[in-house]
Structure formats: C-alpha cells, structure tokens
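Just below is one structure, and these are the notes that go with it.
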Amino acid sequence: MNRMEPAAGSFRGRVWEIVRAIPSGRVVSYGDVAMLSGDRKAARAVGGALRAFAGDHDGLPWHRVINSQGTISFRGDLQRATLQRLLLLREGVVVSEQGGLEMARFRANLRALPCYGALDDGSDF
DNA sequence: GCGGTGACACAAA
DNA sequence: ATTTGTGCCACCG
C-alpha cells in the first residue's frame with residue numbers, strides 16, 4: 001500500500017478515490033472534487049490533499065485537477081505546474097503555455113465519478 | 001483548543 | 001479584465 005495514501009473514509013480518502021477515477025484526457029476543477037467529496041466549499045482542502053499525495057502519485061492522476069478558471073494553478077511552484085502541463089499534453093489535452101485549456105471541452109463527466117454527496121451543478125446534462 | 005497554511009472559489013471594487 | 005478581500009475546509013504544530 002502506498003505510504004501517502006490517506007485512510008479510507010477520511011476526507012482525503014474520498015478525494016483520492018475521486019481523483020483516481022478521472023479518465024485520461026479529461027480534467028476537473030478543485031471545486032468539482034470538493035463537491036463530489038460532499039463539501040462544495042472544500043476546494044481549498046482538496047488542494048491540500050493533493051499536496052499531501054505528492055510523491056505518491058503513482059496511479060493517481062493528480063494532474064487532471066485544475067482550478068475553476070480552467071487553468072493550472074501555479075501557486076509559486078513552477079516545477080509542479082510544468083510537469084502537470086506536460087502530463088496533460090501527453091494525454092491529448094490542449095494546454096496553452098500559460099496553463100489554460102478549454103474546460104467545456106476537456107472537463108470530465110462528474111456523474112461518472114465517485115460521488116459522496118449531491119451534485120450541486122444543478123444542470124441535467 | 002487555537003492560529004497559521006495552502007495545488008481554491010466567489011463577490012466586490 | 002484584474003486585483004483584493006472574505007469565506008471555507010482539512011491538517012499540522
């Protein structure tokens with residue numbers, strides 16, 4: 001078992017399951033993951049969770065999680081952002097050098113992911 | 001128990 | 001459109 005993997009049932013445990021289910025070539029926002037985890041407003045905690053998983057991303061497509069603006073969150077860590085963009089490009093996601101991409105086009109179907117709460121998107125897609 | 005931190009989101013100016 | 005401030009949450013010391 002991976003060292004960094006959080007305890008099942010915990011918040012981070014849910015984040016892990018959700019992120020792990022994001023299909024290749026697709027992306028979701030931190031807010032989306034938060035919503036799926038049950039707390040729509042826990043987007044910030046999602047970032048913290050992913051940060052904690054760093055180094056143990058074996059099998060965890062953490063790079064498919066971006067911010068609601070449809071861009072990669074640099075947050076001062078250019079190294080991570082660069083790697084994230086590279087990994088996405090490798091999956092066929094068109095990411096600009098600025099880290100921007102078309103959310104409407106590459107966003108994963110949230111209903112195809114694990115959901116521990118209600119999808120608050122209100123849309124019926 | 002409290003305050004600080006962080007890969008966020010949203011509203012206001 | 002960009003910057004700033006406020007809200008929110010989990011985790012750590």
Side-chain angles (χ1 to χ4, degrees):
Chain A
M1 187 54 72
N2 296 327
R3 274 181 294 94
M4 296 298 196
E5 186 166 346
S10 66
F11 175 79
R12 290 187 174 181
R14 293 196 294 278
V15 171
W16 181 281
E17 295 303 320
I18 294 167
V19 174
R20 194 177 58 167
I22 303 172
S24 176
R26 295 274 147 181
V27 300
V28 298
S29 71
Y30 295 95
D32 291 336
V33 178
M35 178 171 59
L36 291 170
S37 72
D39 289 313
R40 179 179 151 287
K41 295 172 256 183
R44 204 166 194 175
V46 173
L50 266 51
R51 179 173 59 76
F53 301 156
D56 185 40
H57 45 66
D58 176 46
L60 185 71
W62 58 272
H63 55 280
R64 295 174 191 151
V65 184
I66 60 180
N67 60 33
S68 65
Q69 301 177 77
T71 64
I72 292 174
S73 291
F74 288 78
R75 219 32 199 170
D77 193 338
L78 184 58
Q79 294 289 50
R80 180 188 58 67
T82 301
L83 173 61
Q84 182 165 9
R85 174 168 180 265
L86 184 64
L87 291 171
L88 287 174
L89 288 173
R90 199 174 149 188
E91 297 181 348
V93 179
V94 182
V95 188
S96 71
E97 293 182 31
Q98 305 174 339
L101 60 88
E102 294 178 47
M103 266 304 249
R105 184 177 170 188
F106 299 105
R107 193 184 194 197
N109 183 343
L110 302 185
R111 294 176 305 161
L113 301 175
C115 182
Y116 300 86
L119 268 57
D120 190 33
D121 63 358
S123 77
D124 30 18
F125 178 174

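Every value quoted in this text rests on a predicted model; they were computed, and no experiment measured them. All chains are named by letter (A, B, ...) in the order of the sequence lines, taking the proteins before the strands, and each is independently numbered beginning at 1.
The side chain of A/S68 contributes no N or O atom lying less than 4.0 Å from OP1 or OP2 of B/dC8.
Residues A/V15 and A/S10 form no side-chain contact, since every pair of their non-hydrogen atoms from C-beta on lies 4.5 Å or further apart. Annotation: side chain of A/L83 is not in contact with side chain of A/H63 (no heavy-atom distance under 4.5 Å).
Partner of A/Q84 under the side chain to side chain contact (heavy atoms under 4.5 Å, CB included) criterion, chosen from A/D77, A/V95, A/I66: A/I66.
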Strictly under 4.0 angstrom, non-hydrogen atoms only: write out the protein contact profile of nucleotides 6-13 of chain C, one letter per nucleotide from the 5' end, B, S or -. -BBBSS--
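Here B/dA9 presents its P atom at 11 Å from CZ of A/R75, a figure rounded to the nearest Å. To the nearest angstrom, P of B/dC8 lies 11 Å from CZ of A/R51. Atom CG of A/L60 and atom P of B/dA7 are 17 Å apart (whole Å). Atom pair A/L87:CG and B/dA7:C1' shows a separation of 14 Å (rounding to whole Å applied). Here B/dA9 presents its P atom at 11 Å from CZ of A/R40, a figure rounded to the nearest Å. Here B/dC10 presents its P atom at 14 Å from OH of A/Y30, a figure rounded to the nearest Å. Nucleotide B/dA9 holds its P atom 5 Å from the CG atom of A/N67, rounded to whole Å.
Map A/V46 and A/G31 each onto its nearest nucleotide of DNA chain B; the residue landing nearer the 5' end is A/V46.
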Go through the steps to decide whether A/E17 and A/R14 satisfy the test salt bridge (charged side-chain N to carboxylate O under 4.0 Å, His left out), and finish with yes or no. CA-CA 5 Å; A/E17 295 303 320; A/R14 293 196 294 278; over 6 Å; no
Donor-acceptor list for residues 30-38 of chain A side chains, cut-off 3.5 Å, not counting sequence neighbours:
unit_1	atom_1	unit_2	atom_2	d
A/D32	OD1	A/S29	OG	3.4
A/D32	OD1	A/R107	NH2	2.5
A/D32	OD2	A/S29	N	3.0
A/D32	OD2	A/S29	OG	3.1
A/D32	OD2	A/R107	NE	3.1
A/D32	OD2	A/R107	NH2	3.0
A/S37	OG	A/V33	O	3.4
A/S37	OG	A/A34	O	2.6

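Both A/L50 and A/I18 sit in one connected hydrophobic cluster of ILVMFWY residues. Membership requires side-chain heavy atoms under 4.5 Å apart, directly or through other members.
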